[in-house]
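Note sheet for the following structure.
What you are looking at is a predicted structure, and each value in this text was computed from that prediction instead of being measured. Naming convention: chains lettered A, B, ... in sequence-line order (proteins, then strands); numbering from 1 in each chain.
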Protein chains: 2
Amino acid sequence: MSTAARTGPRRERARAATIAEIKDTARALMRESGTVDVRFSDIARAMEMTPPALYRYFADRDDLLSALIADAFDDLARAVAQARDSVPADDLPARWVAAARGYRGWARREPQQFALIFGLPLPGYSAPEDGPTTEAAQRAMAQLAALFGEAIRHGILTPPTLRDVDPALELCAVAKGEDLGGVLPPETFQAMLHAWNSVHGFTCLEAYGHYDWMEPAAREAFFLSQVRLAALNAGLPAP
Amino acid sequence: MSTAARTGPRRERARAATIAEIKDTARALMRESGTVDVRFSDIARAMEMTPPALYRYFADRDDLLSALIADAFDDLARAVAQARDSVPADDLPARWVAAARGYRGWARREPQQFALIFGLPLPGYSAPEDGPTTEAAQRAMAQLAALFGEAIRHGILTPPTLRDVDPALELCAVAKGEDLGGVLPPETFQAMLHAWNSVHGFTCLEAYGHYDWMEPAAREAFFLSQVRLAALNAGLPAP
DNA sequence: AGTGTTCGTTAAGCCTCGTAACGGCGTGAC
DNA sequence: GTCACGCCGTTACGAGGCTTAACGAACACT
């Protein structure tokens with residue numbers, strides 16, 4: 001920004017590279033340690049710098065963590081979108097499966113990042129503007145809602161298993177629908193969230209090792225059955 | 001134990017009380033701070049003791065955390081069982097709803113404890129004997145399995161929505177079924193896990209604030225619809 | 001070349017974890 | 001009753017982390 005004008009883009013690029021390196025190092029350390037805790041000094045050590053140097057780039061540990069959370073949002077959204085787009089745009093059931101696969105696969109590959117987004121929120125974090133905590137939910141729902149909107153437009157969406165919707169939830173559905181850009185029928189909105197719940201539930205449990213007792217092949221099949229069931233309940237043609 | 005014989009039960013009781021107070025204080029601090037992180041020195045301060053005194057009771061912070069995790073297991077299991085038993089033993093659909101309510105209610109009341117059990121596992125923790133990490137899954141499944149076993153014995157269980165089960169998963173089902181005491185039909189086992197996934201998914205999302213955008217009344221109705229859908233899919237009579 | 005900004009360093013303060021060494025108190029033995 | 005022992009809590013201490021302050025080197029722009 002204004003700094004670039006005064007100091008030229010040369011430094012800006014170096015600075016951006018350093019910031020990226022810090023975040024990458026932090027992520028690498030999180031992967032190694034298996035925790036979301038990351039010591040500032042360890043990052044510095046890994047980068048062969050001294051800890052105070054990092055304060056030129058991040059105000060404090062929380063600031064770095066916030067940046068990592070924001071990155072995780074983007075990365076998850078990107079992974080899901082990419083998985084979804086890897087199948088033909090007109091095969092919506094397959095797109096649903098692919099998106100769910102993307103969600104789950106990302107969580108499996110990056111359990112710490114997933115925990116950063118969907119775990120117990122960090123104390124001071126949800127403060128800034130309406131809580132980015134719920135931004136995770138926002139984005140996940142937006143992707144799903146878009147898919148269901150497409151299904152409706154294609155005329156392939158049949159009524160969901162559960163057709164009655166509580167009036168209170170119906171209100172939320174239209175409000176959220178406007179937020180998301182396209183209003184879905186309340187029972188579809190409800191079914192969409194049911195689908196998300198079940199995929200998210202499996203994903204959490206698996207990512208944190210609670211399904212380790214299941215053979216990989218069985219887990220794979222089980223996951224698929226869960227995704228198919230969710231589609232079925234939501235009125236999406238059986239994938 | 002042997003200590004009691006040498007020093008009398010008097011001291012044992014005092015020691016047990018102190019241990020309980022430490023754990024209670026830790027839980028209280030976790031509730032206050034909203035985190036699962038808890039400083040040894042803060043506990044000591046709150047108890048008007050000096051930090052080193054705590055080492056008489058717990059080898060280190062991880063040891064205390066392990067105890068807290070074990071307690072959380074027990075507390076969640078107790079909460080679910082109590083909720084389940086608060087409705088007549090012969091109304092199994094209602095028992096399912098009550099158990100799910102208990103699960104979700106406990107997570108809402110004690111998000112930190114819930115995170116302790118079902119969050120990203122602590123690095124060194126899952127080591128001791130086959131990982132108590134999965135013990136959470138074990139107990140949750142055991143309660144569910146017992147309920148479905150009852151439903152079969154009562155002859156009220158209809159086939160689940162999804163009747164085909166992958167052979168690999170089928171193998172896991174019988175193995176786990178033996179672990180759990182009573183083998184369920186594979187398709188019911190699968191459906192049971194589907195039900196758990198969806199309830200767990202909602203519970204996680206809600207406990208960590210990702211459903212805060214939904215009005216309480218709507219959330220309540222939505223939760224119930226999720227639980228009813230899960231029952232339906234599993235072949236339990238509609239609650 | 002000169003000036004000001006950026007970046008990284010060292011030095012230092014505060015806090016936490018965890019250990020070690022010490023003293024008080026109740027318990028059980030003689 | 002006294003003595004020895006074990007338990008409990010204390011103070012003292014060292015290692016290491018976060019964070020700020022003060023300093024110096026490298027760089028960019030004039």
Only counting residues at least two apart or in another chain, list the ones meeting side chain to side chain contact (heavy atoms under 4.5 Å, CB included) with [X].
{"X": "A:Val87", "value": "A:Ala94, A:Arg95, A:Ala98"}
{"X": "A:Ala234", "value": "A:Phe148, A:Ala191"}
{"X": "A:Thr50", "value": "A:Pro52, A:Ala53"}
{"X": "A:Thr35", "value": "A:Ser33, A:Asp37, B:Pro123"}

Among the nucleotides D:dA12, D:dC18, D:dC27, whichever has the atom closest to the side chain of A:Arg61 is D:dC18
Selected nucleotide, minimal atom distance to A:Arg11 side chain, candidates D:dA28, C:dA21, D:dT19:
D:dA28
Touch check for B:Tyr57, heavy atoms < 4.0 angstrom, all strands: base, sugar-phosphate only, or nothing?
sugar-phosphate
Touch check for B:Pro51, heavy atoms < 4.0 angstrom, all strands: base, sugar-phosphate only, or nothing?
nothing
Counting only heavy atoms and a strict 4.0 angstrom limit, can you tell me which residues of residues 15-30 of chain B come near DNA chain D?
B:Arg15
Is A:Thr50 near enough to C:dT9 that one of its side-chain N or O atoms lies under 4.0 angstrom from OP1 or OP2?
yes
Solution key, residues 106-122 of chain A side-chain donor-acceptor pairs under 3.5 Å, sequence neighbours excluded:
from     : atom 1 : to       : atom 2 : distance (Å)
A:Trp106 : NE1    : A:Asp75  : OD2    : 2.9
A:Arg108 : NH1    : A:Glu206 : OE2    : 3.0
A:Glu110 : OE1    : A:Arg31  : NE     : 3.1

Taking atom [atom2] of [N] as reference, at what distance in whole Å does atom [atom1] of [X] sit?
{"X": "B:Tyr55", "N": "D:dT11", "atom1": "OH", "atom2": "C1'", "value": "15 Å"}
{"X": "A:Leu54", "N": "C:dG8", "atom1": "CG", "atom2": "P", "value": "9 Å"}
{"X": "B:Asp60", "N": "C:dT16", "atom1": "CG", "atom2": "C1'", "value": "14 Å"}
{"X": "B:Leu65", "N": "C:dC17", "atom1": "CG", "atom2": "P", "value": "12 Å"}
{"X": "A:Arg13", "N": "D:dC27", "atom1": "CZ", "atom2": "P", "value": "15 Å"}
{"X": "B:Glu12", "N": "D:dC8", "atom1": "CD", "atom2": "C1'", "value": "14 Å"}
{"X": "A:Met47", "N": "C:dG8", "atom1": "CE", "atom2": "P", "value": "8 Å"}
{"X": "A:Asp63", "N": "D:dT20", "atom1": "CG", "atom2": "P", "value": "11 Å"}

Check the pair B:Thr25, B:Ile22 against side-chain contact (heavy atoms from CB on, under 4.5 Å), reporting the backbone distance first and the verdict last.
CA-CA 5 Å; B:Thr25 306; B:Ile22 293 173; 5.8 Å; no
Sorted by first residue and then second, give each ring pair (Phe, Tyr, Trp, His ring centres under 6.0 Å) pair with at least one member in residues 12-33 of chain B; sequence neighbours left out.
none
Run the side-chain donor-acceptor check on residues 38-48 of chain A: report pairs under 3.5 Å with partners two or more places apart or on a different chain.
from    : atom 1 : to      : atom 2 : distance (Å)
A:Arg39 : NE     : A:Asp42 : OD2    : 3.0
A:Asp42 : OD1    : A:Arg45 : NH2    : 2.8

By a strict heavy-atom criterion of less than 4.0 Å, which residues belonging to residues 31-46 of chain B are in contact with DNA chain C?
B:Arg39, B:Phe40, B:Ser41, B:Arg45
Look at the aromatic rings of A:Phe202 and A:Phe223 and report parallel, tilted or perpendicular, splitting at 30° and 60°.
tilted
